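In what follows, a single structure is set out as structure tokens and then discussed.
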Amino acid sequence: MTLGRLNHVGVATPSIAKSVETYRLLLGATAIGEPFDLPAQGVKVCFIDAPNAQIELIEPYDESSPIAGFLRKNPAGGQHHVCFEVADIAAAVTDLKAKGATVLGEPRIGAHGTPIVFVHPKDFGGMLVELMERPGDTGAH
Ligand SMILES: CC[C@H](C(=O)O)C(=O)SCCNC(=O)CCNC(=O)[C@H](O)C(C)(C)COP(=O)(O)OP(=O)(O)OC[C@H]1O[C@@H](n2cnc3c(N)ncnc32)[C@H](O)[C@@H]1OP(=O)(O)O
Ligand SMILES: [Co+2]
């Protein structure tokens with residue numbers, strides 16, 4: 001596989017509304033998307049655009065959310081994952097598994113409407129990594 005662009009940094013938060021105000025006030029964020037729910041992934045999502053990537057604010061959709069678990073350990077929230085783009089998610093999964101990485105589950109549709117998958121933090125020195133198929137590439141394989 002080939003490492004693509006950093007698409008977003010996932011930031012867990014107990015309150016998207018409060019986090020949006022922080023980014024707006026402290027960093028002058030202006031390109032702030034409308035929050036939306038992704039029940040299948042257990043999250044509420046809000047994207048804040050920076051010139052070269054996005055901040056993905058993620059709040060638990062319900063108590064079974066992986067973000068709820070993260071917030072129990074980190075009540076104020078914080079950096080949760082980084083997401084890189086790949087051309088072909090299926091090829092990336094095959095390649096990572098062949099190299100012994102722990103791919104979490106099967107690819108599923110993420111917040112950008114393209115297939116995503118996660119790789120366990122233990123493979124990246126404690127950082128949760130998400131891979132997403134580049135918009136426009138889906139179906140290229
Ligand atoms: C999909 C929509 C959107 C998008 O971009 O499209 C998103 O990105 S939504 C993001 C939310 N979804 C996920 O995070 C799915 C992937 N996550 C998982 O499968 C789990 O959360 C997992 C496996 C990372 C952790 O599982 P769990 O929480 O059940 O286990 P523990 O809490 O016991 O943690 C085990 C071990 O991992 C460390 N950990 C947990 N979360 C993170 C994290 N975000 N970053 C780094 N490390 C993490 C935790 O500290 C434990 O470490 P240990 O040394 O064993 O104590
Ligand atoms: Co993400």
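Every number for a ligand or one of its atoms is a count from 1 in the order of the listing. Heavy atoms only: backbone and side chains are in, while hydrogens, waters and symmetry mates are out. Quick caveat: nothing in here was measured; it's all calculated off a predicted structure.
- With a heavy-atom cut-off of 4.0 Å, R108 touches ligand 1 through its side chain alone.
- Close approach of ligand 1 to I116 is summarised as follows: ligand atoms under 4.0 Å from at least one heavy atom of the residue are 1 (C), 6 (O).
- For ligand 1, the atoms sitting less than 4.0 Å from at least one non-hydrogen atom of L38 are 2 (C), numbered in the order shown with element in parentheses.
- You'll find the side chain of E59 stays beyond 4.5 Å of the side chain of V43, heavy atoms only.
- Atom 8 (O) of ligand 1 is approached by the protein to below 4.0 angstrom, counting heavy atoms only.
- Remark: the backbone N or O of M1 is paired with a side-chain donor or acceptor of D95 at under 3.5 angstrom.
- Here the protein heavy atom with the shortest distance to atom 56 (O) of ligand 1 is K73 NZ, 4.3 Å.
- In this structure, atom 44 (N) of ligand 1 has protein heavy atoms in its sub-4.0 angstrom surroundings.
- The closest approach of E56 to the Co ion (ligand 2), by N/O/S atoms, is made by OE1.
- In this structure, P115 and E133 have side chains that are in contact, with non-hydrogen atoms separated by less than 4.5 Å.
- Protein heavy atoms are absent from the space less than 4.0 angstrom from atom 53 (P) of ligand 1.
- Hydrophobic clustering (ILVMFWY, side-chain heavy atoms < 4.5 Å, transitive): V119 and V9 are in one cluster.
- Residue contact annotation: C83 places no N/O/S atom under 2.8 Å from the Co ion (ligand 2).
- When the heavy atoms of E56, Q54, H8 are ranked by distance to atom 3 (C) of ligand 1, first place goes to E56.
- Neither the backbone nor the side chain of K122 comes within contact range of ligand 1; no heavy atom lies under 4.0 Å.
- Residue contacts with ligand 1: H112 is excluded, as none of its non-hydrogen atoms falls under 4.0 Å.
- Looking at V45 against ligand 1, nothing comes within 4.0 Å, counting heavy atoms.
- There is a protein heavy atom closer than 4.0 angstrom to atom 14 (O) of ligand 1.
- The shortest side-chain heavy-atom distance between H8 and E130 falls under the 4.5 Å cut-off.
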- Go through the steps to decide whether K18 and E21 satisfy the test salt bridge (charged side-chain N to carboxylate O under 4.0 Å, His left out), and finish with yes or no. CA-CA 5 Å; K18 287 184 182 163; E21 281 319 301; over 6 Å; no
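- For atom 17 (N) of ligand 1, the closest heavy atom belonging to the protein is L128 CD2, 4.1 Å.
- Residue nearest to atom 48 (C) of ligand 1, selected from A40, G69, P121, G126: P121 (by heavy-atom distance).
- Of the possible donor and acceptor atoms, none in the side chain of N7 sits under 3.5 Å from a partner among the backbone N and O of E85.
- Atoms of ligand 1 found under 4.0 Å from any heavy atom of G110, numbered from 1 in the order shown, are 6 (O).
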- Query: Do L128 and L104 pass the side-chain contact (heavy atoms from CB on, under 4.5 Å) test, and can you show the C-alpha distance, the side-chain angles, and the key distance before you say yes or no?
  - Reply: CA-CA 10 Å; L128 179 60; L104 299 163; 4.2 Å; yes
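- Taking a distance limit of 4.0 Å, we find that atom 32 (O) of ligand 1 is approached by some protein heavy atom.
- If you check which protein heavy atom lies closest to atom 36 (C) of ligand 1, you get H120 CE1, 4.5 Å.
- For E130, the N, O or S atom closest to the Co ion (ligand 2) goes by the atom name OE1.
- With a 4.0 Å cut-off on non-hydrogen atoms, H80 touches ligand 1 through its backbone as well as its side chain.
- When distances to the Co ion (ligand 2) are checked against a cut-off of 2.8 Å, H80 contributes no N, O or S atom below that limit.
- T114 is not listed as a side-chain neighbour of R134, based on a closest heavy-atom distance of 4.5 Å or more.
- To the nearest 0.5 Å, the span separating OG1 on T102 from CZ on F118 amounts to 15.0 Å.
- The option with the heavy atom closest to atom 6 (O) of ligand 1, from among A111, P60, G78, P66, is A111.
- Side chains of S19 and V11 form no contact here, defined as non-hydrogen atoms less than 4.5 Å apart.
- With hydrogens and angles disregarded, a donor-acceptor distance shorter than 3.5 Å links the side chain of D62 to the backbone of S64.
- Heavy atoms of M132 found under 4.0 angstrom from ligand 1: none, in either backbone or side chain.
- Residues H81 and E56 bring a donor and an acceptor atom of their side chains to less than 3.5 Å of each other.
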- Check step by step if side-chain contact (heavy atoms from CB on, under 4.5 Å) holds for H120 and K122. CA-CA 5 Å; H120 201 283; K122 67 184 171 58; 3.3 Å; yes
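- Less than 4.0 angstrom separates atom 27 (P) of ligand 1 from none of the non-hydrogen atoms of the protein.
- Looking only at side-chain heavy atoms (C-beta outward), V129 and V82 come within less than 4.5 Å of each other.
- For atom 40 (C) of ligand 1, the nearest protein heavy atom lies 4.0 Å or farther away.
- Of the candidates L104, V43, N74, L104 brings a heavy atom nearest to atom 19 (O) of ligand 1.
- A 4.5 Å side-chain heavy-atom check between L96 and V117 finds every atom pair outside the cut-off.
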